[in-house]
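Please read the structure below before turning to the comments.
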Amino acid sequence: MADKMPALVELRELDKVFESRKGLFGGSRKMTAVSQVTLDIPRGQVTGVVGESGCGKSTLARLALRLLEATSGRVVFDGVDLRGLSHQEMRRQRRRMQMVFQDPYSSIDPRYRVADALLEPFKVQGLKLSAGAARSKVEALLAMVGLDRKLGESHPHQLSGGQRQRVGIARALALEPDFLVLDEPTASLDVSIQAQIITLLERLKRELGLTYLFISHDLGLVRYFCDRIVVMYLGRIVEILPHPKARPRHPYTQTLLDSTFAPDPTRRREIGQLSGEIPSPFDLPPGCAFAARCTYADARCRSERPRLETSADDHETACFNPNLSPQNRETP
Ligand SMILES: Nc1ncnc2c1ncn2[C@@H]1O[C@H](COP(=O)(O)OP(=O)(O)OP(=O)(O)O)[C@@H](O)[C@H]1O
Ligand code: SF4
Ligand SMILES: [Mg+2]
């Protein structure tokens, strides 16, 4: 095997605890949205993160970009530990790491023209561009994402969902980053438009040598697009598939996969037909958090928490009873 380059992003034992007020009588309750997440995001690859709504995907994304401060743990970006950086150093570092949201325009002033939105990252960084340089930058960014240069004068409400997402991607690329976090970038788009955006992201990655962290609750999409798949359940990584066709070994991922191939497409987004309650994130059980929904749960699962273990083929699973049967190696 060739020497492994260090990963572009290294997440180490990240925890994020949110505290919320209990109500009139004060006090607070804590919930761990991300727990003990250790993950390498290799250069030039697409690392996918899947899991149900609320399992901590966006929180993890924000921690990876240090848009949110971790309760504990660290993020190392291209060899630099982000924890110790000053505000200014962090701002400089942030040029190299950007995020694309599900609806990138939701956070932008609707009076902004597309051109203003594309130039905003320069303003945030305190970078001044001449009028000519700004115009050519906007045109180059629009061309890069396959949009007509005339759209620079448009306002968000004049664009289709697909065009808006292209603008969101162009905006993320404005400062020539190395790393993009894509947080459900196609979740609100029609399937055909979704495919176009994925094709665009594939081309940009190839042409610009980008590294992606791609977040989705659609395992089918993640299996198509990603090189490696991280599965989260209630704030923890429960499985890492070393390649997209690897057969899941964790019962939760198997359920996710079954729901991906559900014959009725309207059911595909609902994850599994599971019995048992999802435990409250405010009050997690002592053992495996999936035990109440798992057909293979035994006494050990209810008292002890399984750790993420790596097997010889680089497959990581946090389960006492993983499915290792030989016919379970590859999926179609
Ligand atoms: N700022 C916050 N304050 C308190 N709780 C939060 C905050 N942000 C997220 N949470 C909680 O943390 C948990 C994880 O949320 P997160 O948004 O990371 O999930 P997600 O996997 O991205 O979900 P979705 O698929 O719906 O986007 C949720 O229970 C959420 O309510
Ligand atoms: S550890 Fe036990 S309860 Fe948890 S997923 Fe594995 S078999 Fe199921
Ligand atoms: Mg989210």
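The figures here come from the full heavy-atom set of this structure, side chains too, leaving out hydrogens, waters and symmetry mates. FYI, the numbering just counts along the sequence from 1. One-based numbering, in listed order, for ligands and for the atoms of each.
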Please check if the side chain of K16 supplies one atom and the backbone of S35 the other of a donor-acceptor pair under 3.5 Å. no
Between D298 and R300, does any NZ, NE, NH1 or NH2 come within less than 4.0 Å of an OD or OE carboxylate oxygen? no
With no hydrogens and no angle check, just 3.5 Å: does a side-chain donor-acceptor pair link S192 and D190? no
With a 4.0 Å cut-off, would you call E153 and K150 a salt bridge? no
Check: I197 and I169 side chains under 4.5 Å, non-hydrogen atoms: yes
S58 near the Mg ion (ligand 3): N/O/S under 2.8 Å: yes
Is R203 salt-bridged to E207, cutoff N-O under 4.0 Å? yes
Could you name all protein N, O or S atoms found under 2.8 Å from atom 8 (Fe) of ligand 2? C294 SG
Checking S86 against E89: is there a side-chain donor and acceptor pair closer than 3.5 Å? yes
Show the protein residues that qualify under the rule heavy atom under 4.0 Å from an atom of ligand 1, listing them in chain and number order. F18, M31, A33, E52, S53, G54, C55, G56, K57, S58, T59, E184
Taking only heavy atoms of P306 into account, list the atoms of ligand 2 that are under 4.0 Å away from them. 1 (S)
Between Y224 and the options I198, D218, L219, the side-chain contact (heavy atoms from CB on, under 4.5 Å) test singles out I198
Would you call E176 and K137 a salt bridge, taking side-chain N to carboxylate O under 4.0 Å as the test? yes
Using 30° and 60° as the class limits, which term best fits the ring planes of H155 and H157: parallel, tilted or perpendicular? parallel
